Amino acid sequence: MKLFEFEAKEILAARGVKVPPSVLVFPGDDVAAKIREAGLEPPLVVKSQVLVAGRGKAGGIKLVKSVEEAVRVAEELFRKPIKGVLPGALLIEKAVEHEAELYAAITIDRSERKPVVLASRFGGVDIEEIAKEKPESIVRLHVDPFLGLRGFEARRVGKALGLSGKLLISFASFLQTLYSIFEELDADLVESNPLAVVGDEVLPLDARIIVDDNALFRHKEIIEKRRVEQAGEYTEWEVKARQIGLPFVELDGNVGIIGNGAGLTMATMDLVYSFGGKPANFLDIGGGARAELVKKAVGFLLDFPKADRIFMNIFGGITRGDEVAKGVVEAVKEKGLKKPLVVRLRGTREEEGRRILEEAGIHAYTDPIEAVKKVLSL
Amino acid sequence: MKLFEFEAKEILAARGVKVPPSVLVFPGDDVAAKIREAGLEPPLVVKSQVLVAGRGKAGGIKLVKSVEEAVRVAEELFRKPIKGVLPGALLIEKAVEHEAELYAAITIDRSERKPVVLASRFGGVDIEEIAKEKPESIVRLHVDPFLGLRGFEARRVGKALGLSGKLLISFASFLQTLYSIFEELDADLVESNPLAVVGDEVLPLDARIIVDDNALFRHKEIIEKRRVEQAGEYTEWEVKARQIGLPFVELDGNVGIIGNGAGLTMATMDLVYSFGGKPANFLDIGGGARAELVKKAVGFLLDFPKADRIFMNIFGGITRGDEVAKGVVEAVKEKGLKKPLVVRLRGTREEEGRRILEEAGIHAYTDPIEAVKKVLSL
Amino acid sequence: MVVLLDESARVIVQGITGREGSFHTKLMLEYGTKVVAGVTPGKGGSEVHGVPVYDSVEEAVRKHPEANTSIIFVPARFAPDAVYEAIDAGLKLVVVITEGIPVHDTMKFVNYAKKKGTVIIGPNCPGIISPGKAKVGIMPGHIFKPGKIGVVSRSGTLTYEISALLGEQGLGQSTVIGIGGDPIVGLTFTEAMKLYEEDPDTEALVLIGEIGGDMEERAAEMIRRGEFTKPVVAYIAGRTAPPGKRMGHAGAIIMMGAGTYESKRKALESVGVPVAETPFDVPRLLREQLRK
Amino acid sequence: MVVLLDESARVIVQGITGREGSFHTKLMLEYGTKVVAGVTPGKGGSEVHGVPVYDSVEEAVRKHPEANTSIIFVPARFAPDAVYEAIDAGLKLVVVITEGIPVHDTMKFVNYAKKKGTVIIGPNCPGIISPGKAKVGIMPGHIFKPGKIGVVSRSGTLTYEISALLGEQGLGQSTVIGIGGDPIVGLTFTEAMKLYEEDPDTEALVLIGEIGGDMEERAAEMIRRGEFTKPVVAYIAGRTAPPGKRMGHAGAIIMMGAGTYESKRKALESVGVPVAETPFDVPRLLREQLRK
C-alpha cells in the first residue's frame, strides 16, 4: 500500500522530524482561507496528492508566488489527471530555501535479503538516472535485520556523502528515523527525495512510504486513518476491481487477459504481444480458484469496455479445470457473450472442464499458440 | 518504576488480553454507584492499589458477597496502610470462578544475561516458597533477546506445565503478550500471579509490571497517564526525597546514613549495624557530587525526624572532599546543627575538605571504625 | 543423486490439520513421499491420513528422529514461527508453501536459516519435486516425468506448463524447484544452480524467470564466472508488463530501474543462454543446446 | 602479565569532547595510559589534550591501527550505539563508564559482544587499572599500588576504600576491575576469575560483592569445582538492607528469594572463602589466607 506524500510526512512529523509547514486541501475547500488559517506565507508549493511516479515532471507540482495564484493553481490541479489519475487532495506547502538536495531511502535488497540504505548527494532529480550515470555516487549500506540501523552506520553513510559536523548528525538521525519507520510499518520502501539541506539540518521536501500489503493486518491504523480514498492511485476500473477483490491492472490494448498465476498471466500477455496483439489488462485468478471467483473475473472482463475480446489461459495445478469451466459458463449465462471469448485449458480435470465448456458452446483449446492466433484473428 | 495492578491490567487489555471486569475507585467516590455503572455483580474482590509485596497476606485483598459489603470494605481499605503505605485507589473486580491457578513471568536472568520465562502450575500462593520447596516445578526458558519469544517456545513452556489443546494455545499466546510488553516497555519484570485457568483459557487475576527506570525516557506515556500519584509505593519522607531528587530509602533505626556510592553506603549501614546501631535510612549521593547536592542531602537528614544523629561516610574518588565539606557546612549553616553529625572523609582533596570542616567546627575522621564508634556513643 | 530431494526424504507436514495441509498430505503420500509426522499446535494426538499429529516439531522429531524435511502450510501470520521451529528442530530442508507472509518476517527467518545451515524453499512457492522419487509440494505430480533436466522457476503455473511440455517431448526432469514468487525467497537461482552444477543426474537447466529483482542477472554473472557450466535455456515472463505497475504479486514490481525484461534478457544472452520468446519455445531451444 | 590490561593498551576515548570524557582523558594520560584517539561524532578534526578527535571509531582505528581498547563516556541514550561501534571496529576490550543505560540495551550489546569476542567491562563502572602500568577508567590512580593482589568489585567507592587499605598494608594490586553495578554487566565475577586464575602475577583475589543477583554464589560454585585455586577473601555489602527495597541502583534489588546476604555468605564460606564483616577487615583476612 502506497502512502500519500502528506501521510508519509505526518508519520515523519509524529516521530519528531521537522517537515515544511503545510496545509491539506480537498475539493470544494476555500483554499485561500485554509492557507491563511495555517499561517502560510508565499512563496508556496502546490502538490497534487497522487500515487504515480514522476508526478513533478507530469505537472503535478507548482510553485506559486501569491495566495491568489495558489487558489488558481489548486483549481487547475484538482481537474488535472496525472498519468490518468485525479488527486483526492492537494498539499500546499511553504517553499523552503535550501542549499542542497540529497536522496535518502531504506528498502529491501532482494538479492542480499537484507534492508539496504541508499543515499546520494544528488537528490531532487531523477534518482534512477543518477544511479545509471554515476553509480558510484549512490552510497549503499546493508543492515542486519536483527540489529537494525545503528547510529554509527547511519553516520558512516553521511560521511560517505561528504557531510560533517551538525549536518552529519542531523542526516544520520533522519536516516535512523527512516529505518524505524521501515521496520515498524513493515515498509517495502521509505524514501525522501529531495531531502533538502537547510543550514545545519536536513528537511524532507518529499517523502514516500510503501507498506507491505501482506503486513497490513499489523497496521490497521494506517487504513483507518486514511482520509483520501482509493483516488490518486488507481483508474476507475482498477478501483472497481479492487472493490470486488480482483487483482486487476489496466493496460493500453484491446485483448482482455485472464490467467492463473502471475507468471502464466504475464506469459500470456507476452504471447499475445509476440503475435502482434495488445493486452487490455492483467488479471490473475491465482492458484486453486473456485467457480465463484472465475465467474467474477470473466464477468468483469465482459463488462470492461477496453477489452473487445477475451483470452483466458489456464494451466491447472491446484486449479481444477471443472471449476474454471463452471465459472466461465455461469458468467456467460449471466452477462451474455457480449464479446468473443477464447479459452485455453490444460492440467488437472482438463477433460471435465472441456466437456462443460463444449456443452455451453464454448470451444476450449489445448495448444496456446493455436488459441492466441484464434483470439487475434477475431 | 512499578506499575499498579490496574495499570498493568490496562496494558494487558490494550494488547487484546481478556481480564476480569472491574472498576477503579478513588477516595470520596460513591463506590456503590461506581459498581452499578460498571455493571459488576457480586461476588467481587476489593483490592488495595499499593506497590508493596505481599499485599494479600497483609490484608489488602478482600472477597465480598454484596455491594453493601464492598462499600464497607472499600472504606476500610482506604484507611488501612499496607506495610506503611496507603492506597491511592482500589480496584473492584468481578470474582471469577476458576479451575486452577498458574504462575507466569518474564524477567531478566542476570547471570545468563538473557530474558527468562518463568512458569509454574502452582501459582496463587507464595511463588518464592514453591521455588524453594519444589524447584523442579518451576519451568525456565531463556530467550534470545534478538529473536524474542517465539510461539513454539511459548508452547514448549505450556507443554512442560502439562497443558494441551486450546488451553495450551491460550497460555502460549498470553506468554507472548507478556513478552511483547516486557520488550516494548523495557520491563524488568512482567508477571501474572495467579494466572487463572477458566475453561479453555487463561485469565490474569493479578498482574505486575516493573519498568526499568533508566528506560523511562522512552516511555513518557506511562508517566503522563499515571492517575494515582506516588501514593501506594513510598512513605511520606521517601516521597519528599523523590521530589527533590534524592535516592533515599526509609528504614527502621535511628542513625541517619549518607554515603557516596551504593556499595559504600550499604557498607556504612552494615558497619553501623555490626557495632550495635540501627540505620534510619539509606541515602547515596553518588559519584562526583557537588556541594549543592551534599547540602541538600545533609539538610534533608537534619530534618528527617527518625534520624537522631547522622553518620556521613565519604571516600572520594571522583567525588571531591572540598565539595563535600562545603555542602556540609552550608547545610549546617542553614538548618542549624539540630543533631549530632559525624563525618568520615577520605580520598581526593581530603586535606582541603578536612580544613573547611574544622574551620566550621566539625571534626572529620579518617578511620571509619573510630567514626562509627563515636556516632553510636552520642 | 538429485538436487536437495530424493527417496531418503522423511517429511513433517506443519499445519497438517488445515484444509490445504491435509489435502496435500494425501497427494504427497499417493506420490510416494514418506510423510512421517504432522504438526498442529494444540491438536497433538490426532491422525491425518494415517499420519500421527504432534503439538510441536520438537516432539515430532523426538518420535521420528529420521525426519529431515518439513513442508509448511501454516497461515501467513503463524508461518514465520513455524519456520523458526523447523530450523531449531534441526531440519535441513524447509519448504514454505504459505502465501502472504510479510516480507520483513521472511527476511528475518531467511537470514536466520542461513546462519543455522537450513535450506528454505519459498515462501509462496509450489515446492520441490524429484519426479519418480519424492514430491514435497503442491504441484500436480503426474505432470512431471523423470529425466535429466533441472527446472528452477519463480512462477508456479509456468513451471507446470513448461515441465509438461518438456515431458511430452521426452525431456524428463531430475529435480524441479519452484523457488517462490515473493520479493525475498530462501533459495535463489544462483544458490539452486550451485546444487544443479554438482548434481551428476542433471544435464541441463531451464530457468524460468520474471521481471523484477536481479536474480536472472546474477544467474548470468555466475555463468560468466564459469561457476555454472551446464547448458541453460531461460524464459522470462513480463516482457509486456508496464514498469511501475504491480503485476499481481510483489515479486513483479520493478524498482530502481533494475530488473527489466531487457536487462535480464541481455545479461543471459551475453553469456550464451538463449531466452525463449514464449514458454512453448523452451523445449526446442533446449534440444538445440543439448545437441551442441 | 596482568589481567586484560597492561602497558600495551592503546586506548580510544569515545565521547572525548564531553565534560567527563575530556577530564578523565587528561587523568588517564597523566597516569601514563596511551590514549591514541578520541571519538565524538560531528566533532572530527578537533583535539582534546593533544589527542586527535575523529567522527567515528572506524576512522580512528584506520588512522591508529594499534588501537585495541576503548573507554566510553557517551550519554546513556547513545552509549549502546558507541559499544556496537567499538565492537564492529574490532576493539577487544571496551570499558563502559556510562551510568543509566536501559538494561534491555545492555543485555543486547553484551550478547552481541560475546558473539564477536569482545570483552565489555561495565556499564556503570569505574573501569580497570593495572597499577603502575595503565588505567582505563575514572578511579583516582594514586590510591592503587602495584602488587600481587587482584581485586574485582561490583561497587566503585568500596573498591577505592578497600584498595587503599590494602595498599597501606603493603598489599599492592595486580589488576583492579570494577565490573559495574548494573543488573547486567559485560564481565562477571566468574569470567574475571578465569582471567585471574591464569595470570601468574596475581597471587590472591579480593571479591567485593553486593546483595542481589547470584554472581557471588556462582563464584563460590566455581571455587567448589576447582576452577579457581588461588586464595580469596570476600566482602559483601548490603547485609542490613531490607529485602525488596531499592538500594540506590537496580543491582541491589533482591528478587525471587535469591541473592540475599546470607545465601552469598553461606555459599562462599562453604568453599573456604572468609567473608569480612566490614571492608576494614579485608586486609587482615587476606594476610591470614596468604599465610596458609
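In what follows, every chain begins at residue 1, and chains take the letters A, B, ... in the order their sequences are listed. These numbers come from a predicted model, not from an experiment.
Other residues, nucleotides and ligands contribute at most 12 non-hydrogen atoms within 6.0 Å of the CZ atom of R19(C). When the shell of 6.0 Å around CZ of R140(A) is examined, it contains 12 or fewer heavy atoms from other residues, nucleotides or ligands. Atom NZ of K296(A) has more than 12 neighbouring heavy atoms from other residues, nucleotides or ligands inside a 6.0 Å radius. With a 6.0 Å radius and a threshold of 12 heavy atoms from other residues, nucleotides or ligands, K306(A) has its NZ atom above the threshold.
In this structure, the ring pair (Phe, Tyr, Trp, His ring centres under 6.0 Å) partners of Y179(A), at least two apart in sequence or on a different chain, are F182(A). Scored by the side-chain hydrogen bond (donor to acceptor under 3.5 Å, both in side chains) test, E236(A) finds no partners at all (sequence neighbours excluded).
Taking OG1 from T159(C) and CG from L264(A), the interatomic distance works out to 10.0 Å, rounded to the nearest 0.5 Å. Here the NZ-CZ distance, from K115(C) to F146(A), works out to 5.5 Å after rounding to the nearest 0.5 Å.
Chain A is approached within less than 4.5 Å, heavy atom to heavy atom, by E161(C), A164(C), E168(C) from residues 161-168 of chain C, ordered by number.
Nearest heavy-atom pair across G238(C) and M266(A) is CA-SD, 3.5 Å.
Interface remark: of the candidates T188(C), V110(C), N111(C), N111(C) forms the most heavy-atom pairs closer than 4.5 Å to chain A. Most heavy-atom pairs under 4.5 Å with chain C: of the set T348(A), D144(A), N214(A), this distinction falls to N214(A). When the candidates T278(C), I236(C), T190(C), I184(C) are compared by the number of heavy-atom contacts under 4.5 Å with chain A, I184(C) comes out ahead. Your options are P279(A), S274(A), A267(A), and the one with the most heavy-atom pairs under 4.5 Å with chain C is A267(A). With chain A as the partner, the residue from G209(C), S153(C), P140(C), P126(C) showing the most heavy-atom pairs under 4.5 Å is P140(C). In terms of heavy-atom pairs under 4.5 Å with chain C, the best-connected choice from G347(A), G259(A), G316(A), S111(A) is S111(A).
Looking at heavy atoms from C-beta onward, K114(C) lies in side-chain contact with R113(A) at the 4.5 angstrom threshold. A heavy-atom distance below 4.5 Å is not found between the side chains of F315(A) and L158(C).
Looking at K278(A), neither its backbone nor its side chain comes within 4.5 Å of chain C, counting heavy atoms on both sides. Using a 4.5 Å cut-off between heavy atoms, L27(C) makes no contact with chain A at all. Of the atoms belonging to I138(C), heavy atoms from both backbone and side chain fall under 4.5 Å from chain A. At a 4.5 Å heavy-atom cutoff, the contact between R346(A) and chain C is made by side-chain atoms alone. Contact annotation for F280(C): only side-chain heavy atoms (C-beta onward) come within less than 4.5 Å of a heavy atom of chain A. With a 4.5 angstrom heavy-atom cutoff, R239(C) touches chain A via backbone and side-chain atoms both. Interface remark: Y235(C) contributes side-chain atoms only to the contact with chain A (heavy atom separation under 4.5 Å).
For D270(A) (side chain) and A237(C) (main-chain N/O), no donor-acceptor pair under 3.5 Å exists by modelled atom type.
In this model, no donor atom of one side chain and acceptor atom of the other lie less than 3.5 Å apart for N260(A) and T157(C).
In this structure, R110(A) does not pair ionically with E217(C), as no charged nitrogen and carboxylate oxygen lie closer than 4.0 Å.
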Anything under 3.5 Å between a donor and an acceptor, one on a side chain of residues 96-107 of chain C, the other on a protein residue two or more places apart or in another chain? List them.
from: T98(C); atom 1: OG1; to: V74(C); atom 2: O; distance (Å): 2.7
from: H104(C); atom 1: NE2; to: A187(A); atom 2: N; distance (Å): 3.3
from: H104(C); atom 1: NE2; to: A187(A); atom 2: O; distance (Å): 2.7
from: D105(C); atom 1: OD1; to: R218(A); atom 2: NH2; distance (Å): 3.1
from: D105(C); atom 1: OD2; to: R218(A); atom 2: NH1; distance (Å): 3.1
from: D105(C); atom 1: OD2; to: R218(A); atom 2: NH2; distance (Å): 3.3
from: T106(C); atom 1: OG1; to: P102(C); atom 2: O; distance (Å): 3.4

